[in-house]
A.B. asks: 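Dropping a structure here in structure tokens format, bear with me for questions.
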Amino acid sequence: MNKPVITEQALGEPVPVPELTAAKAAAAAGPAYVVLAGISFSHFLNDTMQSLIASVYPILKDNYALDFAQIGMITLAFQFTASLLQPLVGHFTDKKAQPFSLAIGMGFTFFGLLLLSVAHSYGMILIAASLVGLGSAVFHPESSRIARLASGGRYGFAQSVFQLGGSFGTSMGPVLAALIVVPFGQPSIAWFSSIAFLAIVILWRIGVWYKPQIAGKKAVAAARHPDHPDQRRVMIALVVLVALLFSKQLYVSSLSSYYIFYLIDRFGVSTQAAQLYLFIFLAANAAGAFIGGPLGDRFGRKYVIWFSILGALPFTLALPYAGLFASAVLTVVIGLIISSATSAIIVFAQELMPHRFGMISGVFFGVAFGIGGLGAAVLGKLADHTSIAFVYQLCAFLPAIGLLAVFLPKMPKAIR
């Protein structure tokens, strides 16, 4: 059976963690399904709003005569604030948890959407994207901690439930853009601020549940588990996990940011049709995100990581040469396989550095956002100088980085 959090080992010196007693009690009681559902639904709402940015790129490109490099810079503006601040937020909340910070952070997303709906210059679009990214930076580290606290010891399952909401939220962006933003224009983005308000209400209620879980808890230091990897192996494993996340996230970013343009350029489909094809990929991505966590709980996260990264390689290599229907089928398979790595990678990293849940979640979510932002900017520049088709031919080799999983240590069952 899974052990409570208090039995896991910190890297180096023991680190005081106020919420350990609460986590132990939660593990004994089993998963708090209402809380998991609430935090997953909030993740759904959060990422639905974030995905609108990429989904309205064709509109912004036409309205403001933007090139692909400028499109990439919008993604970079959003991802930069999200990736830069997430580790800092996680490190701060490791020391002192903030039960209502999630609701406050969602307020930045609320104002970012309102600004994006009325933006009349490229600079204002960048500021709006940065505000949405700031909301994401506050949301992800602490919400990942709450999901773990509510897991009842089923850490992979809880992380998958949490990721499932975000992945489905991401997949909804293109659909909502096709149904609402394309027909009604940029001002209709303001309607989605109501989603942000709903998320604020839910997150405030979760904060009410979270506060007594950590209130009055004394700091507890954990003893080192005898079978835990040593510090050197932990650092190597963390570097490998970052590299694996790089390969996964950069490929997903290439599809999320430019797949619409690829379909329009190669097959001549309409913008709305291309957005629906993007939704198919993102929905498969969401379904795959849920599978990886429970499989990692049962069989070990290393095996899931092996399969999810390297297993996508044959299909990514075939995608640039497929027809329209075959491309849709391939993106479904790619999404199901490659997205199953996310929960396994994050929980594996948390097990390598327990008691640093906020910081490690912030680092890995931040790396994911940062790779997405920088990758979108670089790939956009490359597409301007070559072609969108060449970008996908090049990105097809990214899952080969999954071979690095051979350097991951085998975690003791007591830790898993």
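Starting from 1, each residue takes its place in the sequence as its number.
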A.B. asks: Walk me through it: do Leu203 and Phe139 pass the test side chain to side chain contact (heavy atoms under 4.5 Å, CB included)?
C.D. replies: CA-CA 10 Å; Leu203 291 172; Phe139 175 81; 3.9 Å; yes
A.B. asks: Quick one: are Ser339 and Phe281 in side-chain contact, heavy atoms under 4.5 Å?
C.D. replies: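 No; the side chains remain at least 4.5 Å from each other.
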A.B. asks: More than 12 heavy atoms of other residues, nucleotides or ligands under 6.0 Å from CZ of Phe261: is that the case?
C.D. replies: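 Yes, CZ of Phe261 has more than 12 neighbouring heavy atoms, counting only those of other groups under 6.0 Å.
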A.B. asks: Tell me whether Phe397 at atom CZ has more than 12 heavy atoms from other residues, nucleotides or ligands lying less than 6.0 Å away.
C.D. replies: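 Atom CZ in Phe397 is not packed in, count stays at 12 or less.
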A.B. asks: Quick check: closest heavy atoms across Ser247 and Ile309, and the distance to 0.1 Å?
C.D. replies: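 It is OG-CG2, 3.6 Å.
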A.B. asks: Looking at side-chain heavy atoms only, is the closest gap between Leu324 and Tyr277 below 4.5 Å?
C.D. replies: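 Yes, close enough: below the 4.5 Å cut-off.
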A.B. asks: Do Leu276 and Ile280 have side-chain heavy atoms sitting under 4.5 Å apart?
C.D. replies: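 With C-beta onward as the side chain, the pair stays apart.
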A.B. asks: For side chain to side chain contact (heavy atoms under 4.5 Å, CB included), just list the numbers for Ser160 and Ile291, CA-CA rounded to whole Å, side-chain angles, deciding distance to a tenth of an Å, and then say yes or no.
C.D. replies: CA-CA 7 Å; Ser160 285; Ile291 297 172; over 6 Å; no
A.B. asks: State, with a plain yes or no, whether a side-chain heavy atom of Met106 is found less than 4.5 Å away from one of Leu45.
C.D. replies: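 A side-chain contact is absent here, since even the closest heavy-atom pair is not under 4.5 Å.
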A.B. asks: Could you tell me the separation between the CZ atom of Arg148 and the CG atom of Leu36, rounded to the nearest 0.5 Å?
C.D. replies: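 Going from the CZ atom of Arg148 to the CG atom of Leu36 covers 12.5 Å.
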A.B. asks: Does anything in residues 309-345 pair up under ring-ring contact (aromatic ring centres under 6.0 Å, His included), and if so which pairs, sequence neighbours excluded?
C.D. replies: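 Listed by first then second residue: nothing to list.
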A.B. asks: I need the minimum non-hydrogen distance between Leu330 and Ala322, along with the two atoms involved.
C.D. replies: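 Shortest heavy-atom contact: CD1-CB, 3.7 Å.
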A.B. asks: Checking the side chain of Arg266 only, and the main-chain atoms of Pro320 only, is there a donor and an acceptor separated by less than 3.5 Å?
C.D. replies: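 Looks like yes, one N/O pair under 3.5 Å.
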A.B. asks: Considering all heavy atoms of both residues, which atom of Phe44 and which atom of Thr48 are nearest to each other, and what is their separation?
C.D. replies: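 Shortest heavy-atom contact: O-OG1, 2.7 Å.
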A.B. asks: Which residues pass the side-chain contact (heavy atoms from CB on, under 4.5 Å) test with Val132, sequence neighbours left out?
C.D. replies: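 Expected list: Gln50, Ile53, Phe78, Thr109.
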A.B. asks: Strictly by ring-ring contact (aromatic ring centres under 6.0 Å, His included), give each pair with a member in residues 109-128 just once, sequence neighbours left out.
C.D. replies: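 Residue pairs with at least one partner in residues 109-128: there are none.
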A.B. asks: Between Lys248 and Ala341 (side chain of the first, backbone of the second, donor and acceptor by atom type, cut-off under 3.5 Å), is there such a pair?
C.D. replies: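 Answer holds: no.
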A.B. asks: Ignoring hydrogens and angles, tell me if any N or O in the side chain of Gln186 forms a donor-acceptor pair with the backbone of Ala119 under 3.5 Å.
C.D. replies: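 Such a contact is found between Gln186 side chain and Ala119 backbone.
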A.B. asks: Partners of Tyr258 by ring-ring contact (aromatic ring centres under 6.0 Å, His included), sequence neighbours excluded?
C.D. replies: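 If we apply the ring-ring contact (aromatic ring centres under 6.0 Å, His included) test to Tyr258, skipping adjacent residues, there are no hits.
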A.B. asks: Which atom pairs, donor and acceptor, lie under 3.5 Å between side-chain atoms of residues 374-386 and protein residues at least two apart or in another chain?
C.D. replies:
| residue | atom | partner | partner atom | Å |
| --- | --- | --- | --- | --- |
| Asp384 | OD1 | Phe68 | N | 3.4 |
| Asp384 | OD2 | Ala69 | N | 2.9 |
| His385 | ND1 | Lys381 | O | 2.9 |
| Thr386 | OG1 | Leu382 | O | 2.6 |

A.B. asks: With a 4.5 Å limit on heavy-atom distance, are the side chains of His43 and Asp47 in contact?
C.D. replies: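 Yes, close enough: below the 4.5 Å cut-off.
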A.B. asks: Would you indicate whether the side-chain heavy atoms of Thr271 and Gln275 approach each other to under 4.5 Å?
C.D. replies: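 The answer is yes, as the side chains (C-beta and beyond) meet within the 4.5 Å cut-off.
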A.B. asks: At what distance, to the nearest 0.5 angstrom, does CD1 of Ile127 lie from CG of Leu131?
C.D. replies: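 Here the rounded value is 8.0 Å.
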A.B. asks: Can you list everything that forms a ring-ring contact (aromatic ring centres under 6.0 Å, His included) with Tyr392? Sequence neighbours excluded, please.
C.D. replies: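 So Tyr392 forms a ring-ring contact (aromatic ring centres under 6.0 Å, His included) with Tyr262.
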A.B. asks: At what distance, to the nearest 0.5 angstrom, does CG of Leu255 lie from CD1 of Ile260?
C.D. replies: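 Here the interatomic distance stands at 11.0 Å.
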A.B. asks: What heavy-atom pair brings Ser254 and Cys395 nearest, and what distance separates the two atoms?
C.D. replies: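 Shortest heavy-atom separation between Ser254 and Cys395 comes out as CB-SG, 3.9 Å.
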A.B. asks: Specify the closest pair of heavy atoms between Leu126 and Met73, including all atoms of both residues, with the distance to one decimal.
C.D. replies: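 Smallest interatomic distance, heavy atoms only, reads CD2-O, 3.8 Å.
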A.B. asks: Can you see whether Tyr155 engages Glu351 through a side-chain donor-acceptor pair at a distance of less than 3.5 angstrom?
C.D. replies: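 The answer is no; no qualifying pair exists.
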A.B. asks: Mind checking the OG-CE spacing from Ser193 to Met49? Nearest 0.5 Å is all I need.
C.D. replies: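 Going from OG on Ser193 over to CE on Met49, the span is 9.5 Å.
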A.B. asks: Starting from the C-alpha separation in whole Å, work towards a yes-or-no answer on side chain to side chain contact (heavy atoms under 4.5 Å, CB included) for Ser101 and Tyr210.
C.D. replies: CA-CA 11 Å; Ser101 61; Tyr210 185 31; over 6 Å; no
A.B. asks: Could you tell me if the side chain of Ile401 sits less than 4.5 Å from the side chain of Tyr251, heavy atoms only?
C.D. replies: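 Sidechains of Ile401 and Tyr251: no contact.
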A.B. asks: Indicate yes or no for a side-chain donor-acceptor contact from Ser308 to the backbone of Ser340 under 3.5 Å, with no hydrogens or angles considered.
C.D. replies: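 Not at all, since once roles are kept as given, no pair shorter than 3.5 Å links the two residues.
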A.B. asks: Please report the interatomic distance CZ(Arg301) to CD1(Ile305), rounded to the nearest 0.5 Å.
C.D. replies: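 That separation rounds to 9.0 Å.
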A.B. asks: Atom OH of residue position Tyr64 - does it have more than 12 heavy atoms of other residues, nucleotides or ligands inside 6.0 Å?
C.D. replies: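 Buried by this count: over 12 neighbours within 6.0 Å.
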A.B. asks: Write down the atom of Ile264, the atom of Ser270, and the distance for their closest heavy-atom approach.
C.D. replies: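 Nearest heavy atoms, Ile264 then Ser270: CG1-O, 4.3 Å.
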A.B. asks: Can you tell me how far apart CD1 (Ile346) and CG (Leu245) are? Round to the nearest 0.5 Å.
C.D. replies: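 The distance works out to 7.0 Å.
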A.B. asks: Do Phe192 and Val181 touch side chain to side chain, with heavy atoms closer than 4.5 Å?
C.D. replies: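 Result yes, sub-4.5 Å side-chain heavy-atom pair found.
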A.B. asks: Apply side chain to side chain contact (heavy atoms under 4.5 Å, CB included) to the pair Val138 and Ile104, showing each step before the final yes or no.
C.D. replies: CA-CA 8 Å; Val138 177; Ile104 296 172; 5.9 Å; no
